[in-house]
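Below: the structure, in structure tokens.
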Amino acid sequence: MSLRAPEFFAELRLPFPSGTTVGSTYYATPIAGAPLRLQISFTGTRYRNTYGGLRLAVVHSDRGEIDAVALSFADHGTFSHEGPTRQRNQLDTFNITLATPGQPSWEGADTTGLRDAIERYTSIWFPGAWTAKAPGRSAGRTALKAAAPPAPHSGARTR
């Protein structure tokens, strides 16, 4: 069974025109002519053919890797829902040997949290490179609503 990495990276809808997938790794030059490159690969787990997130690395064309960060599927809500993938895989991972024939092993994953984290990370190293917005994504962000604090209990009882 294949990892189907090109499909996974296409699902992220990354806006880099120079981006390409080679094997299971995505490579891009977010700023044309700049010496910095972006490399995104899958992070393994202790189980064979099982992946728990993505590793982003900034690579200088002469000096090599400058910075890297791991983005776990768990921290970014990729598999936070219940569904068919949860019955086949470890929590917050996907295993390519357990995929339904004809479907990617990460079928049903919500990549929004990963994409947002990639956007934040690349905006630090590649300012202005993230110009294209994802199709179907709203331009504005919504604030998270905090839960109201519980009402204090009074000493009186009501009937």
Side-chain angles (χ1 to χ4, degrees), residues 1-32 34 36-61 65-145:
M1 178 61 63
S2 169
L3 178 59
R4 298 172 81 165
E7 291 176 38
F8 186 88
F9 293 122
E11 181 82 18
L12 288 172
R13 300 180 319 274
L14 301 175
F16 310 122
S18 67
T20 188
T21 303
V22 178
S24 62
T25 304
Y26 176 85
Y27 299 93
T29 305
I31 300 175
L36 295 181
R37 311 287 189 261
L38 175 65
Q39 178 181 342
I40 304 175
S41 55
F42 291 91
T43 58
T45 66
R46 63 183 184 172
Y47 300 104
R48 184 172 177 253
N49 296 323
T50 303
Y51 301 92
L54 299 176
R55 181 182 188 274
L56 282 63
V58 175
V59 181
H60 189 277
S61 58
E65 188 172 291
I66 294 175
D67 189 60
V69 65
L71 305 176
S72 73
F73 295 143
D75 291 344
H76 296 91
T78 308
F79 297 108
S80 61
H81 61 284
E82 293 297 320
T85 59
R86 299 288 45 92
Q87 297 169 0
R88 298 187 311 270
N89 295 308
Q90 297 287 324
L91 187 62
D92 296 315
T93 67
F94 69 87
N95 184 313
I96 62 173
T97 58
L98 300 177
T100 302
Q103 296 203 356
S105 50
W106 40 266
E107 181 70 28
D110 179 4
T111 58
T112 306
L114 284 174
R115 186 176 195 283
D116 289 345
I118 293 168
E119 181 177 1
R120 288 190 304 274
Y121 182 77
T122 56
S123 68
I124 293 168
W125 287 100
F126 308 99
W130 197 282
T131 55
K133 286 293 178 187
R137 183 177 164 165
S138 62
R141 298 195 185 254
T142 56
L144 295 175
K145 294 181 180 181

So which of Asp116, Leu71, Asp67 actually passes side-chain contact (heavy atoms from CB on, under 4.5 Å) with Tyr121? Asp67
Would you say [X] and [Y] make side-chain contact, with heavy atoms under 4.5 Å?
X	Y	result
Ile66	Leu36	yes
Phe73	Leu114	yes
Phe126	Leu38	yes
Thr43	Leu54	no

Between [X] and [Y], what is the shortest heavy-atom contact and its length?
X	Y	answer
Ala28	Gly19	CB-CA, 3.8 Å
Arg13	Arg115	O-NH2, 2.7 Å
Phe16	Ala129	CE2-O, 4.0 Å

Distance in Å, [X] [atom1] paired with [Y] [atom2], rounded so as to fall on 0.5 Å steps:
X	Y	atom1	atom2	result
Ile118	Phe9	CD1	CZ	8.0 Å
Thr25	Phe42	OG1	CZ	8.5 Å
Ser18	Tyr27	OG	OH	13.5 Å
Thr122	Leu14	OG1	CG	8.0 Å
Thr21	Glu7	OG1	CD	10.5 Å
Ile31	Trp130	CD1	CH2	13.0 Å

Taking the side chain from Thr29 and the backbone from Arg37, do they hold a donor-acceptor pair closer than 3.5 Å? no
